[in-house]
Amino acid sequence: KSKEKSGTYHHFFRSEMSDRSLENIMLENALYKALENEELEIYYQPQIDSRNNQIMGAEALLRWNHPIKGMISPLDFIPIAEESGLIVPIGRWVLLNACKQLKIWHEQGHTDMTVSVNLSGRQFEEDDLLTMIESILSETGLAPDFLHIELTENQIFKNTHFTIDKMKELKMLGVKIALDDFGTGYSSLGYLKNFPIDTLKVDRSFMADITKDKDNAAITSTIIALAQNLGLDIIAEGVETEEQLVFLTAKDCFTIQGYYFSKPLKADALTEKYM
Ligand code: C2E
Ligand code: MG
Ligand code: MG
Ligand code: MG
C-alpha cells in the first residue's frame, strides 16, 4: 500500500504499466492463477554443519512450474509478484507450507531443524505481518524460534525507524531474523548493532575464486569476523567447491549452504538424503 496520495500513485502506476513488456503482463496474469492451479512448489536447500555433515536447517525456495514455459526462476517472477502485490498471498502460502513441512520433520524426530523463509519488502510492510505469522505458527504448532525470516539489507534500510520497530515486534514473536545476501546492499555497519539480527548470510558472489581472488577472500573473512565479534550466527551461501569449504572452515565458519552439499530439493528428496 503506497503512502503516496492515490492520484500520484495511479499516475505512477499507469506510466510504469506502459513501459512493461507484454511478456511481463502475461506472466503476471498467469501468476494470478498459479497458486490455485497448484503450479507453485517449495524446494528446500539444506544448511549443513560442515564439522559433522549434519543438517541444521533448510531454506525454502519458491519454484514456479508454468504449464507451458516449464520451470521459471524466482529471479524472474518474484519481481513481478512484488510489483503486482501478488507476493503477499504467495509469500503467506510459502510461509505456511514451509512451517507445515518443518513440523513434519520435527515429528519425524529431527527436532533441532530450522526453516528459513525469504520475506519480500512488500510483505514486511504489510500491516498484518505479525498477525499473519502468529496465526501460521499457531495453526502449525511450530515453536517460533525454529522459523528464520530472511530479509535483505536494501529491504530493511529503506525506512530505518519503521524497520527497527517491526523487527523488534518480529523478535517478540520469537522468530529469528537473518540478513540475506549480506555485503551486497547498502550495509551500514552501525545498523548491525541496533537491529535485532540473529544471522548474517554471506552473499554467494563473494565465494567466486575465493582462494585466488584476494578481494573476495578479504570481504568474506571480514564478514565472518564481524559476525563472530558481534555474536551473530553466520551462514555461507553458494558454496560449490572443496576449496571454498576449506577456506571457510579455516575461519570457523561452519554452516554451509550451497551446491557442494546440495541443490534445493523437494521435501521428500531432502528427507531421503539427510534424515
Ligand atoms: P536467496 O534467498 O539468496 O537464495 C539463494 C539462492 O542461491 C537460491 O536461488 C539458491 O538456489 C542459490 N544457490 C544456493 N547455493 C548455490 C550454489 O552453490 N551455487 C549457485 N550458483 N547458486 C546457489 P533461487 O532458488 O533461484 O532463488 C533466487 C532468489 O529468489 C532467492 O535468493 C530469493 O531472493 C528469491 N526467492 C526465492 N524464493 C522466495 C520466496 O519464497 N519469497 C521471496 N520473497 N523471495 C524468494
Ligand atoms: Mg534467502
Ligand atoms: Mg542469499
Ligand atoms: Mg538473493
Side-chain angles (χ1 to χ4, degrees), residues 21 23-48 55-105 108 110 113-124 132-133 136 140 142 146-152 155 178 180-181 184 201 203-205 207 235-240 256-275:
S21 65
E23 169 83 8
N24 269 18
I25 292 168
M26 286 169 71
L27 271 184
E28 181 181 321
N29 286 333
L31 197 52
Y32 267 104
K33 296 175 209 123
L35 250 187
E36 57 180 293
N37 291 351
E38 300 184 10
E39 294 163 13
L40 297 182
E41 195 169 9
I42 303 173
Y43 276 54
Y44 295 89
Q45 187 174 34
Q47 295 164 335
I48 304 290
I55 189 163
M56 303 180 69
E59 179 174 4
L61 293 159
L62 191 56
R63 297 290 177 264
W64 182 12
N65 197 356
H66 187 284
I68 296 159
K69 293 173 184 291
M71 280 292 185
I72 303 178
S73 164
L75 298 175
D76 294 326
F77 73 83
I78 296 282
I80 295 172
E82 282 171 343
E83 214 171 285
S84 60
L86 279 170
I87 193 65
V88 174
I90 290 174
R92 189 196 311 123
W93 181 86
V94 173
L95 204 58
L96 174 63
N97 286 285
C99 288
K100 281 184 178 169
Q101 181 57 55
L102 184 64
K103 189 68 187 173
I104 293 173
W105 283 323
Q108 290 173 347
H110 308 284
M113 191 158 156
T114 62
V115 75
S116 302
V117 177
N118 296 285
L119 206 74
S120 98
R122 188 84 181 238
Q123 289 175 278
F124 192 69
M132 191 266 285
I133 295 178
I136 286 177
T140 55
L142 190 71
F146 294 104
L147 174 61
H148 295 191
I149 298 289
E150 295 195 2
L151 300 165
T152 64
Q155 274 163 24
D180 202 359
D181 305 342
T184 61
K201 295 189 79 175
D203 189 68
R204 68 181 168 86
S205 60
M207 295 301 141
I235 299 180
E237 268 197 301
V239 178
E240 296 182 350
I256 306 294
Q257 182 182 341
Y259 295 173
Y260 177 78
F261 284 110
S262 176
K263 292 198 169 182
L265 301 168
K266 291 191 187 187
D268 289 348
L270 187 144
T271 308
E272 185 105 331
K273 191 169 174 186
Y274 286 97
M275 299 174 179

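Not a single donor-acceptor pair under 3.5 Å links the side chain of Glu240 to the backbone N or O of Gly258. Looking at Gln123, its side chain does come within 3.5 Å of a backbone N or O of Ser120 through a donor-acceptor pair. Of the possible donor and acceptor atoms, none in the side chain of Asn37 sits under 3.5 Å from a partner among the backbone N and O of Glu39.
Salt-bridge formation is not detected for the pair Glu82/Arg122: no Lys NZ or Arg NE/NH1/NH2 atom is positioned less than 4.0 Å from an Asp or Glu carboxylate oxygen.
At least one side-chain heavy atom of Ile133 sits less than 4.5 Å from a side-chain heavy atom of Leu147. The closest side-chain heavy-atom distance from Leu270 to Ile55 is below 4.5 Å. Contact check for His148 versus Gln47: no side-chain heavy atoms found under the 4.5 Å cut-off.
Put simply, CG on Leu95 and CD1 on Ile149 are 5.5 Å apart, with the number rounded to the nearest 0.5 Å. A distance of 10.0 Å separates CD1 of Ile72 from CG of Leu40, quoted to the nearest 0.5 Å. Here the straight-line distance linking atom CG of Leu96 with atom CG of Leu142 works out to 11.0 Å at 0.5 Å rounding.
Listed by first then second residue, pairs satisfying side chain to side chain donor-acceptor pair (under 3.5 Å) with a partner in residues 84-103 number zero, not counting sequence neighbours.
Outside the 6.0 Å centre-distance limit, the rings of Trp105 and Phe146 are not counted as a close aromatic pair.
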